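Reading through the structure tokens given below for one structure.
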Amino acid sequence: MIAKLVRNARIYTAEGSSPSSGEAQGSVRFYPDGAMIIKNGLVEDIGPWAEIEKKAASLEFDEEIDCDGRCVIPGFVDPHTHMCFARRREGEFSLRLAGTPYLEILQKGGGILSSVRAVKEASDDDLFENTLSLALSALSMGTTTLEIKSGYGLDTETELKMLSVIRQVGLESPLDVVPTFMGAHAVPEEYKGRPEEFVDLIVNEMLPAAKKQGIAAFCDVFCEEGVFSVAHTERILTEAGKLGFGLKVHADEVHDTGGAALAARVGAVSAEHLLAASDEGLAAMAGAGVTAILLPATAYSLRKPYARARAMIDLGVPAALATDCNPGSSFTESMPFVFGLGVMAMGLTVEEALVAATKNSACAIGAGDRCGTLERGKNADFLVLDGETPAIIAYHAGVSPVDEVYKKGERVA
Ligand code: NIG
Ligand code: FE
């Protein structure tokens, strides 16, 4: 048994294992002189030093971690990334800056489709190395659990190859990685103008193959004008639900197609993006308890108005924050950047952003019972920040305020 003691910490953590919404979105426990006992990588006890001191007296510790009065928070959980790709798309970024719309680039065979070509050409090793290096960069900025989607394969073989690479990144790094199948990320060139037939392929071949492979926990679909319609998305997610996948939707990112309401209808865990979501869509999400995954770095990179986070929280929709890390619409693996945008550009309070980037994001990938908060029985995944409160993350803009990263009680960055 390995026992550790964390001391002199100003600890801020949400509590519980289900998504927080409404007023609870900003509910955070604060221990000004906090301490934590860790046993075998799990939180054994957490609380004010005055209480922990008594329990600690009867124990022997393998390590004492003195935080010098710095702020401690749970490790970030990034619940939405497309980090498994082979090549950057810097040229496309310049095109977008010069005015070409994101979806127009895709329609002309670039965008996601150029990443598909690159992934098909890449060896498994290269794809693994690229993904691992982004994941480790995210880890150095405090991400301890991460979702990664497939979706740059768009044929059965390449989608399964991506999923095994994604699993491997989790096995060979300190991070916990949650894989998502996203065969419905774009209509591939071979199926141009025949989306219906590609949806048939997904339903009849890809989903059963991904199920048999047993790696992906979730299924996600890009529901958007010119990509997958609401009807296509509903068909895919209904089939995925029957196979036991958790459901996610890229909803109302560029246009309001009714994706938010669809997420509520099919019982999705989360709807992501929602830049253009309607009031009715958000109300339906609130009614069904669907978490909104806010991706402010995408709005930033696409130069679009941010999703209406305040309206969502007021309606009672649980909000989570994620990077959307991908080579097109959001090339960042930094949760501190996203946290800062959540506070400064979307109007979240620091406490709301903290819950969004830890507990609610853990719940959105089915990991709420093991991470996202610092509580007895959960992973001792925590960050020591170069500051006194989590506000430092937004305040010290453009840098990572993360001094130390611990995964299951081990210092990993
Ligand atoms: O979430 N919108 C679809 N998928 C990603 C972008 C992927 C890409 O451009 O490569 C997103 O924005
Ligand atoms: Fe995305």
Side-chain angles (χ1 to χ4, degrees), residues 78-96 100-120 122 127 130-131 134 146-154 158-159 162 166 178-188 218-229 232-233 236 247-257 259 263 268 270-277 291-304 306-307 320-333 338 361 364-365:
D78 187 348
H80 180 143
T81 86
H82 311 255
M83 202 179 261
C84 184
F85 61 86
R87 272 208 296 273
R88 298 175 179 190
R89 299 186 340 232
E90 219 168 309
E92 177 192 309
F93 178 66
S94 302
L95 276 180
R96 286 202 289 106
T100 314
Y102 174 75
L103 285 177
E104 190 180 311
I105 295 171
L106 176 62
Q107 253 101 60
K108 288 186 175 152
I112 294 171
L113 294 176
S114 75
S115 289
V116 170
R117 288 188 290 275
V119 165
K120 285 193 185 179
L127 192 57
N130 282 335
T131 312
L134 278 170
L146 179 69
E147 185 252 22
I148 309 181
K149 302 173 197 296
S150 70
Y152 294 127
L154 309 188
T158 320
E159 286 294 313
M162 286 189 73
I166 292 166
V178 174
T180 293
F181 167 72
M182 199 174 179
H185 196 191
V187 179
F218 291 92
C219 174
D220 193 347
V221 177
F222 187 14
C223 182
E224 182 55 66
E225 270 180 27
V227 192
F228 295 97
S229 66
H232 291 151
T233 307
I236 295 166
L247 308 180
K248 294 177 162 289
V249 200
H250 277 60
D252 308 328
E253 177 176 356
V254 184
H255 303 98
D256 174 23
T257 66
S270 59
E272 355 266 294
H273 288 293
L274 303 165
L275 270 57
T291 293
I293 299 193
L294 306 171
L295 306 164
T298 312
Y300 167 90
S301 174
L302 295 180
R303 291 175 157 168
K304 297 269 188 202
Y306 292 86
L321 280 164
T323 61
D324 197 19
C325 180
N326 75 76
S329 64
S330 177
F331 186 35
T332 180
E333 65 277 27
V338 161
S361 48
I365 53 173

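Counting starts at 1 for both ligands and their atoms, in listed order. Excluded from the calculations below are hydrogen atoms, water molecules and symmetry mates; all remaining heavy atoms, backbone and side chain alike, are included. Just so it is clear, the model here is predicted, and its values are computed rather than measured.
- The closest donor-acceptor contact from the side chain of E224 to the backbone of V254 lies under 3.5 Å.
- Of all protein heavy atoms, the one lying nearest to atom 2 (N) of ligand 1 is E253 OE1, 2.7 Å.
- Applying the 6.0 Å contact sphere to NZ of K304 captures no more than 12 heavy atoms from other residues, nucleotides or ligands.
- Annotation: side chain of L247 is not in contact with side chain of F218 (no heavy-atom distance under 4.5 Å).
- The two atoms that bring L113 and L154 nearest to each other are CD2-CD1, 4.0 Å, heavy atoms only.
- When the heavy atoms of H185, R89, H273, E224 are ranked by distance to atom 4 (N) of ligand 1, first place goes to H185.
- Not a single N or O atom of S115, backbone or side chain, sits closer than 3.5 Å to an N or O atom of ligand 1.
- Exactly one residue among D252, I236, T233 makes a side chain to side chain contact (heavy atoms under 4.5 Å, CB included) with C223. That residue is T233.
- In this structure, the protein non-hydrogen atom closest to atom 11 (C) of ligand 1 is D324 OD2, 3.2 Å.
- For the 3.5 Å distance criterion, the side chains of E159 and S150 qualify, holding a donor opposite an acceptor.
- Proximity annotation for atom 10 (O) of ligand 1: of Y152, F222, F85, Y152 comes nearest, heavy atoms only.
- The count of protein N, O or S atoms under 2.8 Å from the Fe ion (ligand 2) stands at 4, with waters excluded from the count.
- Minimum interatomic distance between E147 and K248 (heavy atoms only, all atoms of both residues): OE2-CD, 4.1 Å.
- Among the candidates H185, H80, E272, the single residue satisfying the side chain to side chain donor-acceptor pair (under 3.5 Å) test with H250 is H80.
- In summary, the side chains of S115 and R89 do present a donor paired with an acceptor at a separation below 3.5 Å, with no hydrogens or angles considered.
- The distance from ligand 1 to the heavy atoms of H80 drops below 4.0 Å at these ligand atoms: 1 (O).
- Polar contact check, T298 against ligand 1: no nitrogen or oxygen pair lies under 3.5 Å apart.
- Within the listing of ligand 1, atoms 9 (O) sit less than 4.0 angstrom from a heavy atom of G328.
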- Task: Take R96 and L302 through the side-chain contact (heavy atoms from CB on, under 4.5 Å) test and state the conclusion after the steps.
- Result: CA-CA 8 Å; R96 286 202 289 106; L302 295 180; 3.5 Å; yes
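- Looking only at protein heavy atoms, the nearest one to atom 5 (C) of ligand 1 is H82 NE2, 3.5 Å.
- In terms of protein heavy atoms, atom 6 (C) of ligand 1 is closest to Y102 OH, 3.0 Å.
- At the top of the distance list for atom 12 (O) of ligand 1, counting protein heavy atoms only, stands S329 OG, 2.5 Å.
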